[in-house]
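Notes to accompany the following structure.
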2 protein chains.
Amino acid sequence: MVKITDVARHAGVSPSTVSYALSGKRPISEATRLRVEEAIRRLGYRPHAGARALASSRSNVLALVVPLRAGIHVPVVMQFAVSVVTAARTHDHDVLLLTQEEGEDGLRRVADTALVDALIVMDVQLHDPRLPLLRALERPSVLIGFPAAPDGLTCIDLDFKAAGELCVERLAGLGHRVVALVGSPPEVYVRGTAFAQRVVQGFTAAADRNGLSSSVHPCEASPAAARRIAEQLLREQPALTGVVVHNEPVLEPLIEAFEQLGLRVPADLSVTAICPDELAGGLRVPVTSIAIPSAEVGARAVDLLMRQLDGTPCPEATLLTPRMTERASTAPRTLNS
Amino acid sequence: MVKITDVARHAGVSPSTVSYALSGKRPISEATRLRVEEAIRRLGYRPHAGARALASSRSNVLALVVPLRAGIHVPVVMQFAVSVVTAARTHDHDVLLLTQEEGEDGLRRVADTALVDALIVMDVQLHDPRLPLLRALERPSVLIGFPAAPDGLTCIDLDFKAAGELCVERLAGLGHRVVALVGSPPEVYVRGTAFAQRVVQGFTAAADRNGLSSSVHPCEASPAAARRIAEQLLREQPALTGVVVHNEPVLEPLIEAFEQLGLRVPADLSVTAICPDELAGGLRVPVTSIAIPSAEVGARAVDLLMRQLDGTPCPEATLLTPRMTERASTAPRTLNS
DNA sequence: TTCCCCCGTCGAAGCGCTTCGACGTTCCGT
DNA sequence: ACGGAACGTCGAAGCGCTTCGACGGGGGAA
């Protein structure tokens, strides 16, 4: 293994100079720097991560806790993970993958052993048991999602309440008067998953504000459940002309079910969704939707972490404004419907 | 930060004794060990990962390279990742997440800086450019998937050829004489992704062996593409009664398309698939399928790595035998069809 | 009893890097 | 022309842990 002393000898300088040339923490003359870089290249030098971590008390590794729970949409999680890794690399950091299964102990372990410098936690519950731990940890963290009481913890997420509102406002603007929300599976609400609940809040608030008649329906992630919900909706709200879907796996089967029940989308029924663009755009009837900006959330989460590590002040709460993409599933309410 | 010397002082022993008590690399008397453990508990001691890595030249971290490419089924990747993390934890290791985007440089970096002890690489191509690098690295690695020439690299995967064969044998055993394979998207084959090609080999070999008339159809991962393929199949092979699907997103829309074209599953058409059980079992017509045993593959991959790190000899190639789960989508060929 | 060896423990020497204080030089302001 | 700041570099001291060799004491073999 080639080490910093080898490089130093080769370049005719001391090891500390090599270190400073690499880190830039002290000024080094152009000439010396070039010689050092040349030596590094010749010898193929790579600083030893462990040694570096020990001496600098920085591992340059971030922990990412991914959820495994039922009812969460896996591709979205994966997108987050990938964007976090990509963003971390632009800051010269790597990402350690933790599963939620490891729970609080896992968080404590990687933080206490100094394996990681900071943590990113996904799938935050309203009353997440990990919050006290994260506050007690001597390392920065960022939550993707909002708990009921952040209290000093840094959080970032799409503004799901605004997303719920936006879906309704859009439908209201098109003249729809009776709307329904087809939401995530019941267990997601039971757990108190923040984003799901916020969608409901936004949906309900906007419906009330606009004087719409509305209803909310959690829905299992299966085609069969979608069909049942469709039938139920038509039975209970025959005047229904607007539907908001916040449940990825159910979006397509739900639309199919409506059509099989004789409702054309968007002629008889307008549909908006909160889901990835690939999903919304890839359906037979492309769906007007609000995407979760995973890439942006991941990148910003990493940025927030870096600022905390720097000591730069950073905002506690970051809510990303939802953006709606118009597609073929929405239309003005027709008079005969 | 509480360190090993603190524990040693507290327990009235030397730091090396604490270390040995922890690692078990030298015999320590029961009494001493208990005192050490007690001190550790009292003080909440956690060994510093960097220091440990530096002194022992073991980081206890594994690298996992996940694919990002088009045409791969994300939930399956996620399952692998989770099972690798879980398995790694049972061996006291953590997992560093690398995206394929980082490519060979990323592999080299984490290996050369001793950030990781060993590597797991997914989505291996037949002629994968990373193979020479992996061979040159001084660290063990395991490929999930088989390249054309492993040549000294350890590989593990489901035996996809056998899986392709098994699907056909099952259909042949039920009396079907005309079969088709609906495969992965074309780019997957173009890239030379091993598992996709092996399914085709197995499918074709078994069809020939049984004297079946057969055809192979790559298929884009969209409902529309599924419909087109269904129509094309009925047009070109009107006597078709058996279909093998190796393309997760297309499985459901394909069956729907067949039914809309007037073919009942399984009465007129038997379907087998290679896909996760959750998918196969969750459809309106549960599909007889062969699952990719992600959990097993992940766990075994980690085991293989651990054996290499131990110096224990381990097999170069591990092919997992496919197991078929009978569901409602297969039936004997009826005489009138 | 004597010799050996193994058990259980200790002390010291690093692992490869960063960082702090120090020191000579140069360059600026006055 | 001189004091002082800023520059560029070095040496040494660790960071917290593992591991090697050593050593005293006890037990088995001869």
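Sequence lines set the chain letters: A, B, ... in the order given, protein chains first and strands last, and positions in each chain run from 1.
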Decide if atom [atom1] of [X] counts as having more than 12 heavy atoms of other residues, nucleotides or ligands within a radius under 6.0 Å.
X: B/R135; atom1: CZ; value: yes
X: A/E104; atom1: CD; value: yes
X: A/E187; atom1: CD; value: yes

**Asked** Would A/T17 and A/S14 count as having a side-chain donor-acceptor pair, cut-off 3.5 Å?
**Response** yes
**Item:** Donor-acceptor side-chain pairing of B/T193 and B/Q125 below 3.5 angstrom
**Value:** yes
**Fill in**
Per-nt protein contacts along nucleotides 19-24 of chain C (heavy atom under 4.0 Å; B base, S backbone sugar-phosphate only, - none) come out as BBBB--
**Asked** D/dG8, D/dC17, C/dG8: which one has an atom nearest the side-chain heavy atoms of B/T32?
**Response** C/dG8
**Message:** Counting only side-chain heavy atoms from C-beta out, which of D/dG8, C/dC10, C/dG16 sits nearest to B/V13?
**Reply:** C/dC10
**Request:** Just call it for A/P47: base, sugar-phosphate, or nothing, with non-hydrogen atoms closer than 4.0 Å on any strand.
**Result:** sugar-phosphate
**Phosphate OP1/OP2 of D/dT18: any B/S57 side-chain N/O under 4.0 Å** = no
**Item:** B/F80 versus B/S83, closest heavy-atom pair with distance
**Value:** O-OG, 2.9 Å
Where do N or O atoms of nucleotides 4-6 of chain D meet protein N or O atoms at under 3.5 Å, pair by pair?
none

**Prompt:** Taking CG from B/L22 and P from D/dC17, how many angstroms apart are they, rounded to a whole number?
**Reply:** 10 Å
**Request:** Return yes if some donor-acceptor pair links the side-chain N/O of A/H48 with the main-chain N/O of A/A51 below 3.5 Å, else return no.
**Result:** yes
**Item:** salt_bridge(B/R33, B/E30) N-O dist < 4.0 Å
**Value:** yes
